[in-house]
Amino acid sequence: MKMMADYLGSARKSVLSPLKYLLNLIDPPVIVLVYHRVTELKSDPEMLAVTPDNFRKQMRYLKESVPLVRFEEDWTKAPKPAIAITFDDGYADNVLEALPILEEVGVPATFFISTGTIGTSNEFWWHELERIILEPENLPVSFTLYDNHFGKTWSITSDRERQELYNGIVRLMNEVDAVRRADWLIQLHSWAGIESASATLHRSMTIEELRLLAENSLVTIGAHTVTHTRLASLSTEVQREEIAASKQKLETWLGREVMVFSYPFGRRCEYTKESVALCREAGFVKAAANFPGQVHRWTDPYQIPRHLVRNWPVEVFAEKLRGFWTR
Ligand SMILES: [Zn+2]
């Protein structure tokens, strides 16, 4: 296997992390990659979309160079080092654009689905914000958010200030629950004079598309909460509901057990010890986080690190992978 040779070669050369080198010798790692979207977008401020062309080349490269494992399987028995592919959120393009490529190349993948937007024309809130704040030609010169705790006024007389409003609202929305977000979105919609969207560009999959995806033998479905809220900002009760209800909803739709989960946003500050305990309680066997790292047999199965993949041409992708093995 070409990459295994690469991996060993670069690991030997690496003087930066002798500890990693040693750990990799004791137990060769699994690297988990996380994707969100496979599609061509005009504007992608979060940089979460990979074009179909780059995605196909990335998958072919992996297929030729490294053992591919499934997220949910027991990696102590897997050929290692190995790579697992995951997707977060549940965008329609996962079924329409990514799945045909996974099938063509023969690559298994796990899709973590946020259930609240499935089968609705609702956008995820960050896309709604892009449409309200970043896309319009003209906007009023200031925006005041009415909220008894987070209330604030932004001036918007330049593109830079517009970006600051967008970043500011994203930051605040990460701190609050779905009810408060919905109230703020109503304020923003009426301020910008923009109708609530029936979006197609950023839509989530329909229930039929989800079933189609789930039926494919290369595919595993996992849960990713109901409303895609930062768990760390929620009470235990609401966290439990978000975690358990997304599992239950998927199981009802698909008629099979859902055994794995991924935390929304997924950095260490975005979930808590309680979230981890609640995942265990809900009956999940593994949960994926979203910070870089390697998976060894001693890694906490409820906080599995993942490497985010950008829209990298295959040469850059190969170079990044070499870094993932050694960093
Ligand atoms: Zn997500």
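Below, all heavy atoms of this structure are taken into account, side chains as well, without hydrogens, waters or symmetry copies. Counting convention: from 1, in listed order, for ligands and their atoms alike. Model, not experiment: these values are computed from the prediction.
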Does one side chain, of T51 or D53, offer a donor that lies under 3.5 Å from an acceptor on the other?
no
Please determine if the Zn ion (ligand 1) has an N/O/S atom from D89 lying under 2.8 Å away.
yes
Regarding H228, does it place an N, O or S atom less than 2.8 Å from the Zn ion (ligand 1)?
yes
What's the atom name of the N, O or S in H224 nearest to the Zn ion (ligand 1)?
NE2
Before accepting this row, confirm whether a basic side-chain N of the pair R180/D177 lies closer than 4.0 Å to the acidic partner's carboxylate O.
no
Evaluate the ring planes of F55 and Y35, with Trp represented by its six-membered ring, and classify them as parallel (under 30°), tilted (30 to 60°) or perpendicular (over 60°).
perpendicular
Would you say that more than 12 heavy atoms from the other residues, nucleotides or ligands in this model lie under 6.0 Å from the CD of E40, or not?
no
